[in-house]
Structures are given as C-alpha cells and as structure tokens.
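All chains are named by letter (A, B, ...) in the order of the sequence lines, taking the proteins before the strands, and each is independently numbered beginning at 1.
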Number of protein chains: 2
Amino acid sequence: MDLKAKIPSPTVKRLSLYFRELGERRAVDSDATMSSRQLGDALGFSDAQVRKDLAFVGQLGHPGVGYSVTLLHDNLRRILGRDRSWEAALVGAGNIGRALLSYRRFEVQNFHITRVFDNNPATIGSTISERSVLDISELERELADAGTHLGIIAVPAQDAQAIAERLIGVGVGGILNFAPRRLEVDESVAVLNVDFSLTLEQLAFQVNLGRNDPAREGESS
Amino acid sequence: MDLKAKIPSPTVKRLSLYFRELGERRAVDSDATMSSRQLGDALGFSDAQVRKDLAFVGQLGHPGVGYSVTLLHDNLRRILGRDRSWEAALVGAGNIGRALLSYRRFEVQNFHITRVFDNNPATIGSTISERSVLDISELERELADAGTHLGIIAVPAQDAQAIAERLIGVGVGGILNFAPRRLEVDESVAVLNVDFSLTLEQLAFQVNLGRNDPAREGESS
DNA sequence: TCATGTGAAAGAATTCACAGCA
DNA sequence: TGCTGTGAATTCTTTCACATGA
C-alpha cells in the first residue's frame with residue numbers, strides 16, 4: 001500500500017523484533033494494545049525509537065491508547081513479506097546445513113527448504129530431516145522452473161562464489177551465505193552473510209577490553 | 001598500548017574482515033604490502049573507509065607504499081584479542097550446538113569449546129565431536145574454577161535467560177546467544193545474538209520489494 | 001492524563017578532498 | 001606519482017521535545 005519509501009536497514013531489523021513480540025502477545029490476548037513504551041521495554045529500545053520505526057508502517061497508533069496488537073502485527077506481516085511462502089534451496093549438507101534443515105522454526109514461519117544439494121557422493125541420495133540430498137550437478141535441472149526464491153549457501157569458502165552464480169543463474173532473488181567469503185553478485189540480488197567466526201571475534205573483542213558498550217549490548221549480529 | 005579510544009562497532013566488524021584478508025595474503029607472501037584500495041576492493045569497502053578504520057589501529061601505513069601485511073596483521077591480532085586463547089562453554093547440544101562443535105575453523109582461531117552441557121538424559125554422557133556431554137545440573141560445579149571466558153547458548157528460547165544467568169554466575173564475560181530471545185544481563189557482560197529467523201526475514205524483506213539496496217548488499221548480518 | 005506522530009537537534013558513520021610524505 | 005592520514009562535508013540514525021488527539 002504505502003511502503004514506497006525505503007525503510008532503513010536498522011529499522012527493518014527492529015520491525016522483525018516487533019513482529020515477533022507482537023505475535024507472542026497476540027497469542028495470549030488478541031484484543032490487547034501496546035504502547036511504544038511497552039514494546040520498547042520488552043526489547044530494549046526507547047519509546048521514541050519504536051514510534052519512529054512504526055511510522056514507516058503507517059499511522060496505526062491511537063494517542064492515549066497505543067497500538068492494537070492485532071492490527072500492527074498484521075501490517076508488519078505484510079510489510080515484512082511474511083504473508084507469503086518462501087521456498088529456499090540449500091547447498092551444502094554439512095553441519096550447518098543439517099542444523100538448518102532441522103530448525104523447526106523455519107517451517108512455522110513459512111520458510112521452506114525444498115531442495116538440498118551436496119557434492120559428497122557419500123551424502124548424495126541420503127535423507128536428512130525428510131529431504132533427500134541431491135547431486136549438486138543437478139542444481140540447474142532441479143531448480144530451472146522451480147521458482148525457488150532463496151538460496152542458502154553452506155559450503156566451504158572456496159566454492160561459495162561459484163554456487164552463488166549458479167543459484168542466481170536459476171533465478172533466486174536472495175542468498176543467505178554461511179561461507180566466510182564475500183560474494184560478488186549483481187546488485188539486484190540480495191545477500192546476507194552469517195559468519196560465526198566473525199561473530200565470535202566481535203564478542204572476544206568486546207570482552208577483551210572494549211569494556212562492553214552498553215548501547216550495543218543487545219545487538220543482533 | 002593505544003586503543004584507549006573506543007572503536008566504533010561497525011569498524012570492529014571490518015577490522016575482523018581485514019584481519020582475515022591479511023592472514024590469507026600473508027600466507028602467500030609474508031613480505032607483501034597492501035594499499036587501502038587493494039584491501040578495500042577485496043572486501044567491498046572504499047579506500048577511505050579502510051584508512052579511517054586502520055587509523056584506530058595506529059599509524060602503520062607508509063605513504064606511497066601502503067601497509068605491511070605482516071605488521072598490520074600482527075597489530076590487528078593484538079587489538080582483536082586474537083593473541084590469546086578463548087575457552088567457551090556450550091549449553092545445548094541440539095542441532096546448532098552440534099554444528100558449532102564440529103566447526104573446525106574455531107580451533108584454528110584459538111576458540112575452544114571445552115565443555116558441553118545439555119538437559120536431555122538421552123544426550124548426556126554421549127560424545128559429540130570428541131567432547132562428552134555433561135548434565136546441565138553440573139554447570140556450576142564444572143565451571144566454578146575453570147576460568148571459562150565465553151558462554152554459548154543454544155537452548156530453546158524459554159530457557160535462555162536462566163542459562164545466561166547461570167553462566168554469568170560462574171564468571172563468563174561474554175555470551176553468544178542463538179536463542180531468539182533478548183537476554184537481560186548486566187552491562188558488564190557482552191552479549192551477541194545470532195538469530196537465523198531474523199536473518200532470513202531480513203533477506204525476505206529485501207527480496208520482497210525493498211529492491212535490494214546496493215549499499216547494504218554485502219552486509220554481514 | 002496518556003500516548004502518538006513528527007519536526008528539530010544531536011550524534012554516528014561514511015565519504016570527500018587534499019596536504020604531505022616516499 | 002602513489003598512497004597515507006585527517007579535517008571538513010555529508011549522509012544516516014537516534015534522541016529530544018512538544019503539538020495534538022483520545
């Protein structure tokens with residue numbers, strides 16, 4: 001509807017958190033309202049921050065009352081793209097891949113890992129969390145017309161770029177990259193990196209001497 | 001030595017990336033130099049950005065030449081706290097926990113998961129990646145004088161806060177939290193959250209309509 | 001009185017642009 | 001010429017503060 005204006009990335013992160021919080025509240029009391037202060041306190045943000053963020057969603061609050069939990073939740077769902085189903089292809093059935101496959105939360109949230117690829121002959125053909133592992137060489141054939149929306153890369157660093165290109169070749173619009181390697185892709189493709197080593201390193205730095213900056217504390221990496 | 005001035009969090013993230021890149025370069029040619037442009041190009045940052053970041057490390061560059069790979073690498077190692085060993089306790093031997101236990105990269109980087117706890121009787125006593133799983137009720141006894149530096153929480157959301165408090169009770173200075181729940185802890189404890197659902201959601205949002213903002217593309221979540 | 005929505009102010013982070021050194 | 005280090009300018013984000021509505 002609105003949402004022409006582009007939403008800043010820090011705000012999008014927080015919108016996801018609001019969405020989750022509202023979902024939990026809604027399950028308990030679907031008629032509830034929450035003020036920006038309540039929502040902020042629950043997540044560690046200021047009330048002003050919450051209001052500014054929610055302004056991107058629309059004018060949904062009622063002065064003196066707060067926000068309708070249900071209304072806000074529904075609107076966030078739409079804006080965050082959670083009102084549709086997402087199909088993802090996973091490449092790499094190693095430890096991280098397996099963890100993702102068994103992550104129940106994804107299914108609940110309409111993220112479906114529909115195909116799994118690997119290049120290890122010992123793994124190909126086996127079944128992991130009810131999905132059978134396909135040969136990586138079949139990637140193009142399997143995904144050509146599958147309309148897969150997202151790719152998840154969980155392969156060694158040196159293979160990541162090539163896999164990314166193949167995934168983009170079959171039309172995925174976004175990539176979740178677990179390999180510790182920057183992917184060079186066209187700007188029309190969204191890439192998000194998850195890098196455990198990097199995250200641990202950030203933590204170590206903070207503990208080491210950066211006598212932890214409180215403002216950053218809850219920071220979602 | 002220096003490093004009294006607090007380094008901004010975005011800079012710390014990039015310093016880790018520089019450190020990794022320099023390590024790879026160093027392995028090939030330990031006498032190499034790199035300019036801020038070369039380093040930036042490799043990682044997708046501007047040369048000015050690189051120089052600003054490296055200014056926090058000290059005045060290590062040589063005009064007309066660049067930075068000595070070895071010198072810069074060594075200095076970053078110290079600043080990032082990588083010149084020492086880190087011991088971590090893992091709580092939760094589920095899928096994520098197992099993936100972390102088998103993640104080879106950690107050992108190489110001097111991060112050692114020395115204890116593993118779970119509350120599942122079927123898992124307790126078993127061996128995962130050469131570490132035997134301890135009963136969560138033994139946490140305090142096991143860690144009391146162990147001098148463990150970091151805690152890794154990979155338990156269901158509803159247990160996360162309690163585990164965090166127990167870990168802090170035995171003296172860990174930092175927590176890596178995989179549970180989709182904000183931890184309320186004293187500000188002297190560093191917390192970093194890794195939240196797959198949140199990350200996938202960010203990606204979905206970008207793909208959905210936020211016709212991917214190029215500036216954010218390589219963003220490490 | 002309580003709480004939203006939003007301009008204005010402040011604060012952070014990035015980019016620019018250039019003096020100065022090798 | 002090539003490249004660093006850094007103030008100045010710019011852009012992005014958060015916080016403040018208050019007019020307005022219920």
Side-chain angles (χ1 to χ4, degrees), chain A residues 2-3 5-18 22 25 32-69 71-72 75-76 202 210 213-220, chain B residues 2-3 5-18 22 25 32-69 71-72 75-76 202 210 213-220:
Chain A
D2 31 10
L3 51 100
K6 107 169 210 355
I7 305 180
S9 145
T11 295
V12 178
K13 253 182 205 164
R14 288 188 298 266
L15 290 181
S16 283
L17 292 168
Y18 303 148
L22 290 163
R25 189 79 183 87
T33 62
M34 286 184 90
S35 67
S36 55
R37 175 173 298 275
Q38 287 175 299
L39 204 40
D41 284 351
L43 294 164
F45 305 125
S46 73
D47 56 333
Q49 177 86 84
V50 173
R51 289 198 300 280
K52 262 284 199 279
D53 288 341
L54 295 184
F56 285 98
V57 181
Q59 306 201 154
L60 301 173
H62 294 285
V65 180
Y67 301 84
S68 152
V69 167
L71 180 66
L72 187 51
N75 273 273
L76 281 171
Q202 304 304 304
D213 172 5
R216 295 293 173 189
E217 165 220 300
E219 185 170 316
S220 206
Chain B
D2 31 10
L3 51 99
K6 108 171 209 353
I7 306 181
S9 145
T11 294
V12 178
K13 252 183 206 164
R14 288 188 299 266
L15 290 181
S16 283
L17 292 168
Y18 303 147
L22 290 163
R25 189 82 183 84
T33 61
M34 286 184 88
S35 67
S36 54
R37 176 173 296 276
Q38 288 175 298
L39 204 40
D41 283 351
L43 295 164
F45 306 125
S46 73
D47 56 333
Q49 176 88 82
V50 173
R51 289 198 299 280
K52 263 285 200 280
D53 289 340
L54 294 184
F56 286 98
V57 180
Q59 305 201 156
L60 302 173
H62 295 285
V65 180
Y67 301 84
S68 152
V69 167
L71 181 66
L72 188 49
N75 273 272
L76 281 172
Q202 305 303 304
D213 172 5
R216 295 292 175 191
E217 165 219 302
E219 185 170 314
S220 204

Self-check item: Whole-Å gap separating C1' (C/dA12) and CG (B/D53)
Solution: 13 Å
Practice problem: Working to the nearest 0.5 Å, report the span between OG of B/S9 and CZ of B/R14. | Solution: 9.0 Å
Quiz item: So B/Y18 and B/V57, side chain to side chain contact (heavy atoms under 4.5 Å, CB included) or not? Walk me through it.
Solution: CA-CA 12 Å; B/Y18 303 147; B/V57 180; over 6 Å; no
Quiz item: If you look at every strand shown and take non-hydrogen atoms under 4.0 Å, does A/L39 touch a base, only sugar-phosphate, or nothing?
Solution: nothing
Exercise. Rounded to the nearest angstrom, tell me the gap between atom NZ in B/K13 and atom C1' in C/dA12.
Key: 15 Å
Exercise. Between protein and nucleotides 17-22 of chain D, map the contacts as a letter string: B base, S sugar-phosphate only, - none, heavy atoms under 4.0 Å, written 5' to 3'.
Key: B---BS
Practice problem: Determine, stepwise, if the pair A/R51 / A/Y67 fulfils side chain to side chain contact (heavy atoms under 4.5 Å, CB included). | Solution: CA-CA 10 Å; A/R51 289 198 300 280; A/Y67 301 84; 3.7 Å; yes
Quiz item: Toward the 5' end of DNA chain D, which comes first, A/R14 or B/Q59, by nearest nucleotide?
Solution: B/Q59
Quiz prompt | Whole-Å distance separating the CG atom of B/D47 from the P atom of C/dT14 | solution = 14 Å
Practice problem: Measure from CE on B/M34 to C1' on D/dT4 and round the result to the nearest Å. | Solution: 15 Å
Quiz item: Which of the following nucleotides, C/dG5, C/dT15, D/dC3, is nearest to the side chain of A/Y67?
Solution: C/dG5
Self-check item: Side-chain N,O (A/S36) to OP1/OP2 (C/dA3) below 4.0 Å
Solution: no
Quiz prompt | Any A/R37 side-chain heavy atom under 4.5 Å of A/D41 side chain | solution = yes
Exercise. Taking all non-hydrogen atoms of both residues into account, name the closest pair between B/F56 and B/P8 and its distance.
Key: CZ-CD, 3.4 Å
Self-check item: Separation of C/dA12 C1' from B/I7 CD1 (nearest whole Å)
Solution: 16 Å
Exercise. Would you mind telling me which residue lines up with the more 5' stretch of DNA chain D, B/R37 or A/T11, judged by nearest nucleotide?
Key: B/R37
Quiz item: If you check every side-chain atom of B/Q49, which of C/dT15, D/dT14, C/dG7 has the closest atom?
Solution: C/dT15
Quiz item: Could you state the CD-C1' distance from A/Q38 to C/dC2, rounded to the nearest angstrom?
Solution: 12 Å
Quiz item: For B/K52 and D/dG5, what is the distance between atoms NZ and P respectively, to the nearest whole Å?
Solution: 11 Å
Practice problem: Grab the NZ-C1' distance between A/K6 and D/dT13 for me, whole Å please. | Solution: 11 Å
Exercise. Could you tell me whether the side chain of A/L60 reaches within less than 4.5 Å of the side chain of A/L54, counting heavy atoms only?
Key: no
Practice problem: Measure across A/L22 and A/L76 and return the closest heavy-atom pair with its distance rounded to 0.1 Å. | Solution: CD1-CD1, 3.6 Å
